[in-house]
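Below, chains carry the letters A, B, ... as their sequence lines are ordered, and counting in each starts from 1. Just so we're clear, the structure is a prediction, and the values are computed from it rather than from any experiment. Atoms considered below: every heavy atom in the structure, side chains included; atoms not considered: hydrogens, waters and symmetry mates.
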Amino acid sequence: SQQGEEDPQALSIQEGENATMNCSYKTSINNLQWYRQNSGRGLVHLILIRSNEREKHSGRLRVTLDTSKKSSSLLITASRAADTASYFCATDASKNTGFQKLVFGTGTRLLVSP
Amino acid sequence: DGGITQSPKYLFRKEGQNVTLSCEQNLNHDAMYWYRQDPGQGLRLIYYSQIVNDFQKGDIAEGYSVSREKKESFPLTVTSAQKNPTAFYLCASSIGPLYNQPQHFGDGTRLSIL
């Protein structure tokens, strides 16, 4: 079952603009992770935010987590053409299994035009 | 450089044929995973392994089999029982069966039916 739902499904912006994508989930989580996938390639880990954290930054990336609303957002500032990719959120809702099982959303396709 | 190597990049399967996808990692990670990705979709977990000689079914294990005889290797066999094998297959690893860890991905194998 897919817990994470990204919004929007697709986003088209110009270079230099900011891109915001959202993720909603259904159950309580240990952490939420964001990944990037370039066309035909594997996923690349971007940021992991734990359930007791509200905001994290990494370079031009900013992730927020609102556990009361069961939602997260990924902001990419000053976007570049190289940011063109699909972005996935993944939630770790493992409970007492001693094993991290990620459940991925369907992704947001971001197109950044020069 | 440490990473995950998947081979082959493209694979074609004939009716009634079993095919094996290779996944090798030199990250010294204990946990390894196999995912299936269909067009425009997120990732779905096929099998995972927390340690050598142990593996567990994921959400869509029917028609697939795995082995984990070495820490570095986690091959996936797509059997003839899998009636809709056409997909992009991704292998991943993480440090161990712990929470709050990112997963590292290979570049995938695209499997098609002849």
Visitor: If you compare all heavy atoms of A:Lys101 against all heavy atoms of B:Asp59, which two are closest, and at what distance to 0.1 Å?
Guide: NZ-OD1, 2.7 Å
Visitor: Spell out, yes or no, whether B:Val78 and B:Ile46 are grouped together once hydrophobic residues are joined by side-chain heavy atoms under 4.5 Å, including indirect joins.
Guide: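 As far as the 4.5 Å side-chain criterion goes, B:Ile46 and B:Val78 are connected within one cluster.
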Visitor: Taking everything shown except A:Arg60 itself, do over 12 heavy atoms lie less than 6.0 Å from its CZ?
Guide: yes
Visitor: Which atoms of A:Gln37 come close to chain B, meaning under 4.5 Å heavy atom to heavy atom: side chain ones, backbone ones, both, or neither?
Guide: side chain
Visitor: Assess whether atom CD of B:Gln17 is packed by more than 12 heavy atoms of other residues, nucleotides or ligands within 6.0 Å.
Guide: yes
Visitor: Is B:Leu27 reachable from B:Tyr33 through a run of hydrophobic residues whose side-chain heavy atoms are each under 4.5 Å from the next?
Guide: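 B:Tyr33 does not cluster with B:Leu27.
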Visitor: Between A:Gly40, A:Ala90, A:Gly107, A:Ser51, who has the most heavy-atom pairs with chain B when the cutoff is under 4.5 Å?
Guide: A:Gly40
Visitor: Checking an interface table here. Which of residues 102-114 of chain B come within a heavy-atom distance under 4.5 Å of chain A?
Guide: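 Within residues 102-114 of chain B, the residues under 4.5 Å from chain A are B:Pro102, B:Gln103, B:Phe105, B:Gly106, B:Asp107, B:Arg110.
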Visitor: Is the number of heavy atoms from other residues, nucleotides or ligands under 6.0 Å of B:Arg13 CZ greater than 12?
Guide: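 Above 12, so yes.
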Visitor: I'd like to know whether CD of B:Glu62 has more than 12 heavy-atom contacts from other residues, nucleotides or ligands below 6.0 angstrom.
Guide: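 Count not over threshold, so no.
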Visitor: Main chain of A:Gly42, side chain of B:Gln37: is a donor-acceptor contact present, judged purely on distance under 3.5 Å?
Guide: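 Not confirmed, B:Gln37 side chain does not pair with A:Gly42 backbone.
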Visitor: Transitively linked via ILVMFWY side-chain contacts under 4.5 Å: B:Leu45 with B:Leu90?
Guide: yes
Visitor: So which residue, A:Gln9, A:His45, A:Arg109, ends up with the most heavy-atom pairs under 4.5 Å with chain B?
Guide: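 Counting heavy-atom pairs under 4.5 Å, the top option is A:His45.
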Visitor: Given a strict heavy-atom distance threshold of 4.5 Å, which part of A:Leu43 is in contact with chain B: side chain, backbone, both, or neither?
Guide: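 A:Leu43 touches chain B through backbone and side-chain heavy atoms alike.
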Visitor: If you look at every heavy atom in B:Asn100 and A:Asp92, which pair is closest and at what distance?
Guide: N-OD2, 4.1 Å
Visitor: Could you see if B:Tyr47 belongs to whatever hydrophobic cluster contains B:Ile60? Use Ile, Leu, Val, Met, Phe, Trp, Tyr and a side-chain cutoff under 4.5 Å.
Guide: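 B:Tyr47 and B:Ile60: one cluster.
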Visitor: Is the shortest heavy-atom distance from the side chain of A:Leu102 to the side chain of B:Tyr35 under 4.5 Å?
Guide: yes
Visitor: Check the hydrophobic clustering (I, L, V, M, F, W, Y; side-chain heavy atoms under 4.5 Å; chains of links allowed) and say if A:Leu74 and A:Ile13 are grouped together.
Guide: yes
